[in-house]
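Convention: sequence-line order gives letters A, B, ...; per-chain numbering from 1.
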Number of protein chains: 2
Amino acid sequence: MTAILNNSSTPPALIFSALGDDTRLELIQRLLDGTPKSVSYLTQGFNISRQAIRKHLNHLEKAGIIRPTKVGREQLFQIQIETIESSSKYLAEISSQWDVHLNNLTEILEDETVDR
Amino acid sequence: MTAILNNSSTPPALIFSALGDDTRLELIQRLLDGTPKSVSYLTQGFNISRQAIRKHLNHLEKAGIIRPTKVGREQLFQIQIETIESSSKYLAEISSQWDVHLNNLTEILEDETVDR
DNA sequence: TTATTGCGCAACCTTTTGGTTGCCTTATTA
DNA sequence: TAATAAGGCAACCAAAAGGTTGCGCAATAA
């Protein structure tokens, strides 16, 4: 499922940097139910100011992790899941590269113990 | 494959934060061939100082992404792939949660268009 | 129409981050 | 043994991050 449009691929470091903060990870969790939410609404439950939350949302937006929609005087944010997925793929790629070389090392070790 | 021991699970935000820098991502790439590498060796090719690289390595180490081994006067670093994998799982979990709610929304829309 | 609510902008502050340089110690190796 | 290569430690610096408060404006509710 998922993935429809979006091909704007933010650089991995920028995405990870945006994910590298507890407040922002919590904001993402709260947005996961799929319904777009306003800045004020998202501020509830945190004990930091609306402006602080706004700055975190800016980070997430610049990284392409969330997307704003203006509705009246409110600005509603929703998850842009493709961005999360692209960073997920980046990590999967790292793991698979590691496995390749790990397999090579294992083969070498086996060759040695068989004493060829 | 992969995963043997390690259960020290670094908090996700700390891991992502460590991944959120181009220099550190590049260091990880260079360590992916599986052979442990020293600070001086890893410094080659970057045009920043050894101490700067050392600080980046500290970040990665604190996040549990790399692991040092002391050999003579050298300190060799290698990837701790389980940490990467744990953050990868975190992202996969986000994607799957998103899909769940997206499916729910789709069902609602279908119900509406069928006009029940 | 008058409050009130949602937000944006900007100034300001402190801590963290990403770098630097200088100097000292400890293994190597010539 | 003397020179050299690998690194640790610490001081220092500028810029970025994560907050705050104050204020003004536009949309909504009384």
Between the side chains of B:Lys89 and B:Glu82, is the shortest nitrogen-to-carboxylate-oxygen separation below 4.0 Å, so that they form an ion pair? no

Any side-chain N or O of A:Arg54 less than 4.0 Å from the OP1 or OP2 oxygen of C:dG8? yes

In terms of side-chain geometry, is the basic nitrogen of A:Glu74 or A:Lys70 positioned less than 4.0 Å from the acidic oxygen of its partner? no

Between A:Val71 and A:His56, just flag the one whose closest nucleotide in DNA chain D comes earlier from the 5' side. A:His56

May I ask you to list the residues of residues 38-51 of chain B, by number, that have any heavy atom positioned under 4.0 Å from an atom of DNA chain D? B:Ser38, B:Val39, B:Ser40, B:Arg50, B:Gln51

Is B:His59 near enough to C:dG18 that one of its side-chain N or O atoms lies under 4.0 angstrom from OP1 or OP2? yes

Separation of A:Lys55 atom NZ from D:dT21 atom C1', in whole Å? 11 Å

Just the rounded figure in Å: distance from P of D:dC25 to NZ of A:Lys70. 15 Å

Measure across B:Arg50 and B:Thr43 and return the closest heavy-atom pair with its distance rounded to 0.1 Å. CA-OG1, 3.7 Å

If you check the B:Arg73 side chain, which of D:dG19, D:dT28, D:dA6 turns out closest? D:dA6

Quick one: OG1 on A:Thr10 to CD on A:Gln80, what's the gap to the nearest 0.5 Å? 8.5 Å

May I ask you to say whether B:Lys55 pairs ionically with B:Glu61, meaning some side-chain N is under 4.0 Å from a carboxylate O? no

Can you check the B:Ile53 CD1 to C:dT20 P distance for me, whole Å? 9 Å

Give, for atom CZ of A:Arg67 and atom CG of A:Leu31, the distance between the pair rounded to the nearest 0.5 Å. 11.5 Å

Rounded interatomic separation in angstrom, taking CD from B:Glu74 and P from D:dA5: 13 Å

Checking D:dG18, C:dG19, C:dG18 against the side chain of B:Arg24 (C-beta onward), the nearest is C:dG18

